[in-house]
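See below for the structure under consideration.
Numbers here are sequence positions counted from 1. Read the numbers this way: they start at 1 and go in the same order the structure lists the ligands and their atoms.
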Amino acid sequence: MIEDPYLGKYVTCVSARSTDKEILKKAQDGGIATTLMVYALEEGIIDGTIVAGEGDKPWQPKPEVAMTREDILKARGTRYSISPQISWLKEATRSFGLDKVGITGVCCQMQAVRKAQLYPINMRDVPGKVAFTVGLFCMENFPYKSMQSIVEDHAAQSLGSVKKMEITKGKFWVYTERGNVATVPLKETHKYEQPGCHVCLDYVSNLADISTGSVGSPDGWSTVFIRTKVGNEIWSKAVAAGLFETKPIEEVKPGLDLLRKLAKEKIDKNQKTVEERKTFGVNKGLRNPYA
Ligand SMILES: Cc1cc2nc3c(=O)[nH]c(=O)nc-3n(C[C@H](O)[C@H](O)[C@H](O)COP(=O)(O)OP(=O)(O)OC[C@H]3O[C@@H](n4cnc5c(N)ncnc54)[C@H](O)[C@@H]3O)c2cc1C
Ligand code: SF4
């Protein structure tokens, strides 16, 4: 077990991509999140999973309890807007009747799941029914209107025509269905970030069973951390079943060095914000959830 101060605890880290061509067609990166949940469903490891499905407006995510491969596939692609995944956690064990719940989401949502498992407050049945969590790397998120301003005003694209969005190499990238590409420098997007993200001290979903993201691996591939016993068992079986192509992360560029550098930047910057809250007022401060 490796215990990295910025990348969390993990057993192994690899660069990987799905071997399922259909999943890869619309996956954000290597299709890891989708392939793992489909595999877990087909193997009976989970009987349903919370995903960020299609919402009512273009590119607005809507949390959903997916119980078929088809519904899991509908959640492919990153939606850079808040999707309150955990709002369905208890309900998944009630009207949906699930015994083995899967959950996908960003770092803070993995934290919520673990907290509910250890300190279930009005969360009866939840601790024992969480079966598998897949966490995404996350630098920051945006309220829907913010994302709309970035795409429609700064990138000058209509949301309805967008095929993919990506934050990489210092820019917010917008790709349209008809082949146009627009970029916005990240310094223009900072003011639109969700303020709550500025106290977040987790970049690579430290508390998930398996976590995945794009940084560190080439386009079309993902960086994957296998963290827990549950994660390790599922990953080993899935690789043995031929579901993923993998490469040791040490053989991949830019690899863990860049990832660790970005994780450190996020944590150092946000730790400073947490500190500043202590002396925010005159002789008084703001609450610290980590105190
Ligand atoms: C807000 C946000 C910020 C991110 N920032 C970074 C970053 O800084 N660096 C980095 O390397 N990676 C980041 N990622 C992760 C990256 O964009 C991909 O989501 C990840 O690599 C998974 O790709 P995939 O091909 O395996 O997923 P796919 O197989 O395409 O599946 C997509 C998965 O993402 C989930 N999802 C989509 N939108 C949301 C959402 N808004 N909230 C919760 N879950 C969602 C779906 O439920 C699904 O499980 C971010 C993701 C999000 C949602
Ligand atoms: S930056 Fe942190 S708090 Fe904000 S969405 Fe990402 S994981 Fe959640």
Among all the protein's non-hydrogen atoms, which is closest to atom 1 (S) of ligand 2, and how far away is it?
Lys266 NZ, 3.4 Å
For Glu70, I'd like to know if atom CD has over 12 heavy atoms of other residues, nucleotides or ligands within 6.0 Å.
no
For atom 37 (C) of ligand 1, find the nearest protein heavy atom and state the residue, atom name and distance (0.1 Å precision).
Gly77 O, 3.3 Å
Sub-4.0 Å heavy-atom contact, Phe142 with ligand 1:
no
Atom 2 (Fe) of ligand 2: nearest protein contact (heavy atom, Å)
Cys200 SG, 2.3 Å
Backbone or side-chain N or O of Val51 under 3.5 Å from ligand 1 N or O
no
The protein heavy atom nearest to atom 38 (N) of ligand 1 is Arg79 N, 3.2 Å
Looking at non-hydrogen atoms alone, which of Val106, Val215, Thr34, Thr49 comes nearest to atom 31 (O) of ligand 1?
Thr34
Is the closest heavy atom of Gln109 to ligand 2 under 4.0 Å?
no
Below 6.0 angstrom between ring centroids: does that apply to Tyr192 and His154?
yes
What do you reckon, does Ala33 have a nitrogen or oxygen under 3.5 Å from a nitrogen or oxygen of ligand 1?
yes
Any atom of ligand 1 sitting under 4.0 Å from a heavy atom of Glu166?
no
Protein residue, atom and distance nearest to atom 32 (C) of ligand 1, heavy-atom basis:
Ala75 O, 3.5 Å
Are more than 12 heavy atoms from other residues, nucleotides or ligands located less than 6.0 Å from atom CZ of Arg94?
yes
Counting heavy atoms under 4.0 Å, the part of Asp29 that contacts ligand 1 is both
In plain terms, say whether Arg69 and Glu22 are close enough for a salt bridge, that is, a side-chain N and a carboxylate O under 4.0 Å apart.
yes
Nearest-contact summary for atom 39 (C) of ligand 1 - protein heavy atom, Å:
Ala52 CB, 3.6 Å
Going by the order shown, which atoms of ligand 2 are within less than 4.0 Å of some heavy atom of Asn141?
5 (S)
Counting from 1 in the order shown, the ligand 1 atoms closer than 4.0 Å to a non-hydrogen atom of Gln109 are 43 (C)
Salt bridge check: are Lys261 and Glu265 linked by an N-O gap of less than 4.0 Å?
yes
Should Asp219 and Arg17 count as an ion pair when the cut-off is N to O under 4.0 Å?
no
May I ask you to identify the nearest protein heavy atom to atom 8 (Fe) of ligand 2, giving residue, atom name and distance to one decimal place in Å?
Cys108 SG, 2.3 Å
Measure from atom 10 (C) of ligand 1 to every heavy atom in Pro61, Ala16, Ala263, Ser214 and give the option owning the shortest one.
Ser214
Can Val51 be reached from Leu98 by stepping across I, L, V, M, F, W or Y side chains whose heavy atoms are under 4.5 Å apart?
no
Neighbour count above 12 (heavy atom, 6.0 Å) for Trp88 CH2:
no
Determine the sole option in Phe132, Phe244, Tyr10 for which the ring-ring contact (aromatic ring centres under 6.0 Å, His included) test with Trp235 is passed.
Phe244
Just wondering, more than 12 heavy atoms not from Lys171 lying within 6.0 Å of its NZ?
no
For ligand 2, note which part of Met110 has a heavy atom under 4.0 Å away: side chain, backbone, both or neither.
neither
Does the side chain to side chain contact (heavy atoms under 4.5 Å, CB included) test come out yes or no for Thr176 and Lys163, once each step is laid out?
CA-CA 5 Å; Thr176 70; Lys163 186 169 79 176; 5.9 Å; no
Is there a nitrogen or oxygen of Lys26 sitting under 3.5 Å from a nitrogen or oxygen of ligand 1?
no
Look at the N, O or S atoms of Cys138, main chain and side chain alike, and state whether any lies under 2.8 Å from atom 8 (Fe) of ligand 2.
no
Considering the heavy atoms of Glu140, write down every atom of ligand 2 situated less than 4.0 Å from one of them.
1 (S)
Nitrogen or oxygen of Ser83 less than 3.5 angstrom from that of ligand 1
no
Could you list the atoms of ligand 1 found under 4.0 angstrom from a heavy atom of Glu140?
1 (C), 3 (C)
Ligand-side contact atoms (ligand 2) for residue partner Met139, heavy atom cut-off under 4.0 Å:
1 (S)
the protein heavy atom lying closest to atom 14 (N) of ligand 1 turns out to be Phe137 O, 2.8 Å
Report yes if Arg76 has an N/O atom closer than 3.5 Å to an N/O atom of ligand 1; otherwise report no.
no
Evaluating non-hydrogen atoms only, which member of Ile103, Ile32, Thr78, Thr35 is closest to atom 17 (O) of ligand 1?
Thr78
In the protein, what heavy atom is nearest to atom 4 (Fe) of ligand 2, and what distance, to one decimal place, separates them?
Cys197 SG, 2.3 Å
Among Arg227, Lys9, Arg114, find the residue that satisfies the salt bridge (charged side-chain N to carboxylate O under 4.0 Å, His left out) test when tested with Asp209.
Arg114
Closest to atom 7 (C) of ligand 1 among protein heavy atoms sits Tyr203 OH, 3.6 Å
Check ligand 1 against Ala27 and write out every atom of the ligand that is under 4.0 Å from a heavy-atom position of the residue.
25 (O), 30 (O)
Specify the protein heavy atom at minimum distance from atom 24 (P) of ligand 1: its residue, its atom name, and the distance to 0.1 Å.
Gly31 N, 3.7 Å
Less than 4.0 angstrom from a charged side-chain N to a carboxylate O is my criterion; do Asp268 and Lys264 meet it?
yes
Quick check: are there more than 12 heavy atoms from other residues, nucleotides or ligands sitting under 6.0 Å from CG of Leu118?
yes
Note the single closest protein heavy atom to atom 34 (O) of ligand 1, along with its residue, its atom name and the distance in Å.
Leu136 CD1, 3.4 Å
So that I can tick it off, tell me whether Lys25 and Asp20 are bridged by a salt bridge, with the cut-off set at under 4.0 angstrom between side-chain N and carboxylate O.
no
Give the ring-plane orientation class for Phe225 versus Phe137, where under 30° counts as parallel, over 60° as perpendicular and anything between as tilted.
tilted
In terms of hydrophobic clusters joined by side-chain contacts under 4.5 Å, are Val204 and Val106 together?
no
Shortest non-hydrogen contact between Ala131 and Val230, atoms and distance
O-CG1, 3.5 Å
Cys107 near atom 6 (Fe) of ligand 2: N/O/S under 2.8 Å:
no
May I have the step-by-step check of side-chain hydrogen bond (donor to acceptor under 3.5 Å, both in side chains) for Ser83 and Gln85, ending in yes or no?
CA-CA 6 Å; Ser83 180; Gln85 305 289 86; 2.7 Å; yes
Is any N or O atom of Asn141, backbone or side chain, closer than 3.5 Å to an N or O atom of ligand 1?
no
